[in-house]
Amino acid sequence: MTWLKKYYAWLCSNTTREETKDTGMIIALICLIVGYYFDDNRIIIVAMICLVVNIIECTLYKPIAAMLINISHIIGKITSLVIMSILFVSLVVPVGVFRRLMGFDSLSLGQWKKNNSSVFKIREHTFEPIDMNNPY
């Protein structure tokens, strides 16, 4: 039984009653839009039947609701990856290219391992209480 749950986890997911009701209403709305677009009264009757089933026993839509929720999670992950990649390529990469062309080297990477001396900055400062007033 565990292998069945492993491969068909979307059927066994915990969807709430509100999510299943919303799924039933979405199915009815899609049927109404398609029926209006194709001017077919049979599809509008199917939409009404879907609404009645949604009112009487909305748990019939539970597998469809679970599938739609899982698909929306996958689409959300892909979309956030694409948006973050676009932001990185459009904002961070040009700044890095500009800094490299201008010769900025804030990490002293050009001096790294050229000789035995350290590239770290030596800071010999005794902190006073006044330093904590404006730490930045």
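Positions are given from 1, in the same order as the sequence printed here.
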Interatomic distance, CD1@Ile26 vs CD1@Ile64, rounded to 0.5 Å, equals 11.0 Å
Rounded to the nearest 0.5 Å, the OG1 atom of Thr20 sits from the NZ atom of Lys62 at a distance of 8.0 Å
side-chain contact (heavy atoms from CB on, under 4.5 Å) with Tyr61: of Leu68, Asn54, Asp22, only one passes, and it is Asn54
- request: Output yes when a side-chain donor or acceptor of Asn70 lies under 3.5 Å from a complementary backbone atom of Ala66, and no otherwise.
  value: yes
Determine whether Leu91 and Met84 fall in the same hydrophobic cluster, where Ile, Leu, Val, Met, Phe, Trp and Tyr are linked whenever their side-chain heavy atoms lie under 4.5 Å apart. yes
For Gly35 and Ile44, the nearest pair of non-hydrogen atoms, with its separation, is CA-CG1, 4.1 Å
**Prompt:** Would Leu101 and Val92 show up in the same hydrophobic cluster when neighbours are defined by side-chain heavy atoms closer than 4.5 Å?
**Reply:** yes
Of Val53, Val52, Leu60, the one forming a side-chain contact (heavy atoms from CB on, under 4.5 Å) with Ile56 is Val52
### Task
Verify the cluster assignment for Tyr36 and Met25: are they in a single hydrophobic cluster under the rule of side-chain heavy atoms below 4.5 Å apart?
no
In this structure, SG of Cys31 is separated from CG of Asp40 (nearest 0.5 Å) by 11.0 Å
- Step by step, would you call Thr16 with Lys21 a side chain to side chain contact (heavy atoms under 4.5 Å, CB included)? CA-CA 9 Å; Thr16 64; Lys21 280 184 180 180; over 6 Å; no
Value for CD (Glu18) from SG (Cys58), rounded to nearest 0.5 Å, stands at 8.5 Å
Working for side chain to side chain contact (heavy atoms under 4.5 Å, CB included), residues Lys77 and Leu81 | CA-CA 6 Å; Lys77 288 181 181 181; Leu81 180 67; over 6 Å; no
Original post:
So if you build clusters from Ile, Leu, Val, Met, Phe, Trp, Tyr with side-chain heavy-atom gaps below 4.5 Å, do Ile69 and Ile74 land together?
Top reply: no
dist Ile43:CD1 -> Met48:CE (nearest 0.5 Å) comes out at 12.0 Å
Correct closest heavy-atom pair for Ala28 and Cys50 would be CB-CB, 4.2 Å
Worksheet item: Would you say Leu87 has more than 12 foreign heavy atoms packed within less than 6.0 Å of its CG?
Response: yes
Any link between Tyr37 and Leu32 through a network of hydrophobic side chains (Ile, Leu, Val, Met, Phe, Trp, Tyr) touching at under 4.5 Å?
-> no
The reported gap from CZ in Arg17 to OG1 in Thr59 (rounded to nearest 0.5 angstrom) is 7.0 Å
Taking every heavy atom of Val89 against every heavy atom of Val93, the minimum-distance pair comes out as O-CB, 3.6 Å
- Query: Crowded around Asp131 CG? As in, over 12 foreign heavy atoms under 6.0 Å?
  - Reply: yes
